[in-house]
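Residue numbering restarts at 1 for every chain, and letters A, B, ... go by the order of the sequence lines. Nothing here was measured: the structure is a model prediction, and the numbers come from that model.
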There are 2 protein chains.
Amino acid sequence: MTSTDPTPRPAVRPTRQRRAVAAALAGFDDFRSAQEIHDLISQQGESVGLATVYRTLATLADAGEVDMLRNEDGEAIWRSCSDTHHHHLVCRTCGATVEVEGPAVERWTSAIATEHGYADISHTLEIFGTCPACR
Amino acid sequence: MTSTDPTPRPAVRPTRQRRAVAAALAGFDDFRSAQEIHDLISQQGESVGLATVYRTLATLADAGEVDMLRNEDGEAIWRSCSDTHHHHLVCRTCGATVEVEGPAVERWTSAIATEHGYADISHTLEIFGTCPACR
DNA sequence: ACGCTGGTTGAGAACGATTGTCAAACTGGG
DNA sequence: CCCAGTTTGACAATCGTTCTCAACCAGCGT
C-alpha cells in the first residue's frame, strides 16, 4: 500500500466562522452559553449563524478542545480547556472558573465502579460556590 | 410567645395527584424523566396533568425526598432516594443505579473550595458506566 | 484560471422539555 | 355548610437546541 491515507479524513475546513468561534472562546476564561458566545462574536463585528456556533462548539467538544458542561438549569455551557483531565470550581454568581485536579477522586470513582462490576467508566464532577469577589 | 407559628406554613396538602406521583416513584428504582413518570401514572389508571407532575416533583426535590439530576442530554430525571447525602453510579445502557457515598470526596470538594476562597459550596458528582448485566 | 464535488453555512421552521396562565375544583378549619 | 387559600389541568408560551435545505465556499484536478 502506498500510504493509502488510513485516516477517514475528517475534512475539517478552517473557515471564517470557525475562526470566529475560536477567537471568541479565547476571549474569556469562564463558561458561557452558546447564545452568549454568539453575541460575543457579533460584538466583534463578525456574523456567524447561531446554528453554526452550536455545530462548531459540538465539533470542538468532540475533539476535546473545549469543555462542555451543564449549569443548574440544564443549559450547555462551554469554554476552552487544557488537555488534561480536570474538573471545575465555578462561581454561581459571576461564572469565574478554577480548574482543579483530584487524583484521589479519579481513583475513588474507578474503585467504586469496579467494586460494583461497572465497566467503561466516565464521571462528571463540578463544584459550585460563591467566589471571593462575589461574597 | 404563644407559639405564633413562625413557620410560613407550607400547607402541603395530601392530594390524590400527589399520592399518585409518590406511588409511581415507589414503583421503580432507577432514574426516570417527568414524562415517563407521567406515563406510568396513566398506566396505573390515574389521571394527573403533566404540569402537576412537574410541580410535585419539584416540591419533592426541594423537600429532599427525591433526587433530581440531568442525563447527558440535559433532561431532568428523578427517583426517590435515601435521605443521606450520596451520589450515583448509573448504567448508561439500562439505567440501573447504585447509590454510593464518599466522605473523602465531600471533604475534598469543600477543601478545594475553601482553598480558593469559594463559599456556599454545592457539588454534583455522577458516575456513568456499563453494569455487569449489560456488558 | 476553471469547474467539479462535497463539506459548510444561514435563516427559519421544527422540536421537545419545562414553565406560566387562569379559571374551576378541592381541602381543612370554623 | 361556608370561606379563603391551595391545587389542578388544559393549553399557551418560553427557550435552548436541532433540523432542513438551498446557496455558498474550499480544495483539487485539469
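- Counting to the nearest Å, the C1' atom of D/dT17 and the CG atom of A/Asn71 are 14 Å from each other.
- Each of A/Ala51 and B/Trp78 was assigned the nucleotide of DNA chain C with the nearest heavy atom; the assignment lying further toward the 5' end belongs to A/Ala51.
- Between B/Arg16 and B/Glu46 there is a salt bridge, since a side-chain N of the basic residue sits under 4.0 Å from a carboxylate O of the acidic one.
- Between A/His88 and A/Phe31, the angle of the ring planes goes over 60°, which puts this pair in the perpendicular group of the 30/60° scheme.
- Proximity note for B/Gln35 (side chain, C-beta onward) versus D/dA10, C/dG28, C/dA17: the nearest is C/dA17.
- Proximity note for A/Thr52 (side chain, C-beta onward) versus D/dT17, C/dG10, C/dG28: the nearest is C/dG10.
- Ionic pairing of B/Glu99 and B/Arg79 is present here: one or more N-O contacts between side-chain nitrogen and carboxylate oxygen are shorter than 4.0 angstrom.
- Taking only side-chain nitrogens and oxygens, B/Gln17 never comes nearer than 4.0 Å to OP1 or OP2 of C/dC26.
- Residue A/Pro14 places its side chain closer to D/dG27 than to any other of D/dT17, D/dA10, D/dG27.
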Exercise. Walk me through it: do B/Ser122 and A/Arg92 pass the test side-chain hydrogen bond (donor to acceptor under 3.5 Å, both in side chains)?
Key: CA-CA 10 Å; B/Ser122 68; A/Arg92 69 165 69 78; 3.0 Å; yes
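- Atom CZ of A/Arg70 and atom C1' of C/dA17 are 12 Å apart (whole Å).
- With rounding to whole Å, B/Tyr54 atom OH is found 18 Å from C/dT21 atom P.
- Evaluation of atom-type donor-acceptor distances gives a pair under 3.5 Å for the side chain of B/Arg55 against the base of D/dG9.
- Note: CG (B/Leu57) to P (C/dT19) measures 10 Å, nearest angstrom.
- Contact annotation: B/Thr15 does not reach the phosphate of C/dT27 (side-chain N/O to OP1 or OP2, under 4.0 Å).
- Residue B/Ser33 is classed as having no contact, given no heavy-atom separation below 4.0 Å to the nucleic acid.
- The aromatic rings of B/Trp78 and B/Tyr54 sit perpendicular, their planes meeting at an angle over 60°, well past the 30° parallel limit.
- As rounded to whole Å, 15 Å separates atom C1' of D/dA13 from atom CG of B/Leu50.
- Here D/dC15 presents its P atom at 17 Å from NE2 of A/His38, a figure rounded to the nearest Å.
- Residue B/Glu75 places its side chain closer to C/dA17 than to any other of D/dG16, C/dA17, C/dT9.
- Atom CZ of A/Arg19 is separated from atom P of D/dC25 by 14 Å (rounded to the nearest Å).
- In the set C/dG12, D/dG27, D/dT7, D/dT7 carries the atom at the smallest distance from any side-chain atom of B/Arg18.
- Comparing atom distances between the B/Ala34 side chain and each of C/dT18, C/dT9, D/dT17 picks out C/dT18 as nearest.
- Atom CZ in A/Arg16 sits about 6 Å away from atom P in C/dG10, given to the nearest Å.
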